[in-house]
Amino acid sequence: METPLYSTHNQSVYEPSEDSFLFLDALEKDLKLIKNVKPTICLEIGVGSGIITTALSKHLGSSNSYFIGTDINPQAGLACYETFRLNQLANSPQIVLTDLIESLSYRLRSNVDLIVFNPPYVPTEDSEIESDDLLTKSWAGGINGRRVIDRFCSSVSQVLATNGLLYLLLSKENQPDEVIEILKEYNINLDEIVIERKCRNEHLLILRFKKKASS
Ligand SMILES: C[S@@+](CC[C@H](N)C(=O)[O-])C[C@H]1O[C@@H](n2cnc3c(N)ncnc32)[C@H](O)[C@@H]1O
């Protein structure tokens, strides 16, 4: 998908990088499939600048789909609204400041048709994710880059609808096979590795998962 216009003024928000652009490429590749699902409720965890949610909204139409974004960084919420405004989209997403989906999980229970997450995935010391610096928290993933990803995996099934789609970015260092196995325990199965790319010293993948009905 074409990168939406975004402002680079806000230095405390994650600036779109190779991972963000890879995400847009993956969604473009899957656009037909996503449109066929006719997602009514779309959720992006960790919206940052908002370029992913904005691009999705542009392609899906904000009158057909309702967009919700979360982040722990209040500045990200503002940046996302600004990105929507710059791209002249009428209906802004609903931004909720919360840890992952914590404050939404009860209300959104099994109702979200499409979830996208470009998480903090870079392997670091665990102490880095406890940092007070919100910019550090946007990329620092702790041991194996998995601290936030693993918490996400154990909560996402609460809100993902049956047959709902999940797009998750991982790096090879996150040990994707393990993440796939963890999500499987929650009835969320790997559909396809939509795209993968070596970006400098990282090997990034975007995986598409689907939630199957519980047996
Ligand atoms: C790698 S950045 C991605 C930003 C944007 N989605 C993009 O692709 O450019 C990760 C984002 O997740 C947010 N984040 C980090 N930990 C989070 C958490 N526990 N709950 C919600 N958002 C979180 C960060 O503030 C940051 O905006």
Side-chain angles (χ1 to χ4, degrees), residues 1-28 42-58 67-84 86-87 93-105 108 112 114-124 126-142 145-156 158-159 166-171 173-174 194-195 197 199-200 202 204-207:
M1 285 177 186
E2 198 180 312
T3 306
L5 297 171
Y6 61 94
S7 163
T8 51
H9 292 157
N10 200 330
Q11 312 250 317
S12 54
V13 176
Y14 186 80
E15 184 167 349
S17 308
E18 278 95 346
D19 49 352
S20 325
F21 302 129
L22 186 67
F23 222 116
L24 292 179
D25 290 347
L27 294 175
E28 173 160 50
C42 305
L43 171 67
E44 180 177 6
I45 320 260
V47 283
S49 68
I51 61 161
I52 294 174
T53 285
T54 302
L56 266 176
S57 177
K58 235 176 177 174
F67 291 87
I68 304 170
T70 72
D71 211 293
I72 46 168
N73 183 349
Q75 293 297 322
L78 297 175
C80 184
Y81 288 136
E82 175 66 359
T83 301
F84 259 66
L86 285 172
N87 290 277
Q94 193 66 47
I95 301 294
V96 181
L97 290 178
T98 189
D99 178 22
L100 298 174
I101 48 167
E102 197 176 84
S103 66
L104 295 169
S105 54
L108 291 182
V112 182
L114 176 66
I115 296 180
V116 296
F117 189 25
N118 175 8
Y121 62 84
V122 179
T124 60
D126 271 355
S127 55
E128 293 220 55
I129 44 176
E130 263 109 56
S131 156
D132 287 335
D133 177 21
L134 289 173
L135 204 50
T136 304
K137 276 186 180 327
S138 69
W139 52 266
R146 286 271 297 278
R147 287 293 183 250
V148 179
I149 292 168
D150 284 355
R151 288 200 300 116
F152 165 77
C153 288
S154 64
S155 60
V156 63
Q158 295 168 19
V159 297
L166 161 66
Y167 288 84
L168 177 65
L169 179 141
L170 295 175
S171 96
E173 290 172 293
N174 301 144
V194 183
I195 204 164
R197 190 177 292 161
C199 308
R200 292 190 215 132
E202 294 179 328
L204 302 177
L205 310 95
I206 309 245
L207 300 98

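Ligands are counted one by one from 1 in listed order, and the atoms in each one are counted from 1 as well. Every heavy atom of this structure was used, including side-chain atoms; hydrogens, water molecules and symmetry mates were not.
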Legend entry - Any G50 heavy atom less than 4.0 Å from ligand 1: no
Legend entry - K137, portion touching ligand 1 at heavy-atom distance under 4.0 Å: backbone
Inset, instruction - Identify, by atom number and element, the atoms of ligand 1 in contact range of I52, meaning under 4.0 Å from any of its heavy atoms. - result: 8 (O)
Inset, instruction - Under 4.0 Å from a heavy atom of G48: give me the atoms of ligand 1 that qualify, with their elements. - result: 4 (C), 27 (O)
Legend entry - Closest approach of any protein heavy atom to atom 1 (C) of ligand 1, naming residue and atom: S138 O, 3.2 Å
Inset, instruction - Flag Y14 as yes when one of its N or O atoms lies below 3.5 Å from any N or O atom of ligand 1, and as no otherwise. - result: no
Legend entry - R146 side chain reached by N174 side chain, heavy atoms, under 4.5 Å: yes
Legend entry - Shortest reach to atom 6 (N) of ligand 1 by a heavy atom, considering only G46, P16, G141: G46
Legend entry - Nearest-neighbour protein heavy atom for atom 19 (N) of ligand 1, which is reported as residue plus atom name and distance: D99 OD1, 2.7 Å
Legend entry - Exercise: identify the closest heavy-atom pair between L24 and I52: CD2-CA, 4.0 Å
Inset, instruction - Salt-bridge test for K58 and E2: reply yes if a basic N is under 4.0 Å from a carboxylate O, no otherwise. - result: no
Inset, instruction - Using a 4.5 Å cut-off on heavy atoms from C-beta on, say whether the side chain of L168 contacts that of V156. - result: no
Inset, instruction - Number the atoms of ligand 1 from 1 as they appear, then name those within less than 4.0 Å of a heavy atom of P119, with their elements. - result: 1 (C)
Inset, instruction - Compute the minimum heavy-atom distance from L134 to ligand 1 and say whether it is under 4.0 Å. - result: no
Legend entry - Test item: P119 and F152 side chains (from C-beta on) under 4.5 Å apart, heavy atoms: no
Legend entry - Candidate pair D71 and Y14, rule side chain to side chain donor-acceptor pair (under 3.5 Å), full reasoning: CA-CA 11 Å; D71 211 293; Y14 186 80; over 6 Å; no
Legend entry - Heavy-atom closest contact (G142 atom, D126 atom, distance): CA-OD1, 3.3 Å
Legend entry - Any F23 heavy atom less than 4.0 Å to ligand 1: no
Legend entry - Non-hydrogen side-chain atoms of V47 and T83 separated by less than 4.5 Å: no
Inset, instruction - Starting from atom 14 (N) of ligand 1, locate the nearest protein heavy atom and write down its residue, its atom name and how far away it is, to 0.1 Å. - result: I72 CG1, 3.9 Å
Legend entry - Side-chain touch T3/P16, heavy atoms, less than 4.5 angstrom: no
Inset, instruction - Give a yes-or-no answer on whether the side chains of S12 and Q75 include a donor-acceptor pair shorter than 3.5 Å. - result: no
Legend entry - Under 3.5 Å: N/O of T70 near N/O of ligand 1: no
Inset, instruction - Quick one: closest heavy-atom pair of L86 and L5, and the distance? - result: O-CD1, 3.6 Å
Inset, instruction - Answer yes or no: is there a side-chain heavy-atom contact under 4.5 Å between L134 and P74? - result: yes
Inset, instruction - Report yes or no: does I51 have a heavy atom closer than 4.0 Å to ligand 1? - result: no
Inset, instruction - Kindly confirm or rule out an N or O of S49 lying under 3.5 angstrom from an N or O of ligand 1. - result: no
Inset, instruction - Please answer whether the main-chain N or O of T53 pairs with a side-chain N or O of E44 as donor and acceptor at a distance below 3.5 Å. - result: yes
Legend entry - Which residue and heavy atom of the protein sit nearest atom 5 (C) of ligand 1, plus the separation: V47 O, 3.4 Å
Inset, instruction - Ignoring hydrogens and angles, tell me if any N or O in the side chain of S138 forms a donor-acceptor pair with the backbone of L135 under 3.5 Å. - result: yes
Legend entry - Distance from atom 20 (N) of ligand 1 to nearest protein heavy atom, with residue and atom: L100 N, 2.7 Å
Inset, instruction - Examine ligand 1 and decide if any of its atoms is less than 4.0 Å from a heavy atom belonging to T98. - result: yes
Legend entry - Closest non-hydrogen atom pair between T124 and G141, with its separation: OG1-N, 3.7 Å
Inset, instruction - Look at atom 7 (C) of ligand 1 and say which protein heavy atom is nearest, naming residue and atom and giving the distance to 0.1 Å. - result: S20 OG, 3.5 Å
Inset, instruction - Please could you name the atoms of ligand 1 that P120 approaches to less than 4.0 Å, counting only its heavy atoms? - result: 15 (C), 16 (N)
Legend entry - Heteroatom distance test (N118, ligand 1): nitrogen or oxygen, under 3.5 angstrom: yes
Legend entry - Any N/O pair N73/ligand 1 closer than 3.5 Å: no
Inset, instruction - Give the contacting part of S17 toward ligand 1: side chain, backbone, both or neither, where contact means a heavy-atom distance below 4.0 Å. - result: neither
Inset, instruction - Give a yes/no on ligand 1: does R151 have at least one heavy atom closer than 4.0 angstrom to it? - result: yes
Inset, instruction - Identify the protein heavy atom lying closest to atom 27 (O) of ligand 1, giving its residue, its atom name and the separation to 0.1 Å. - result: D71 OD2, 2.7 Å
Legend entry - Under-4.0 Å heavy-atom contact with ligand 1, by part of A76 that carries it: neither
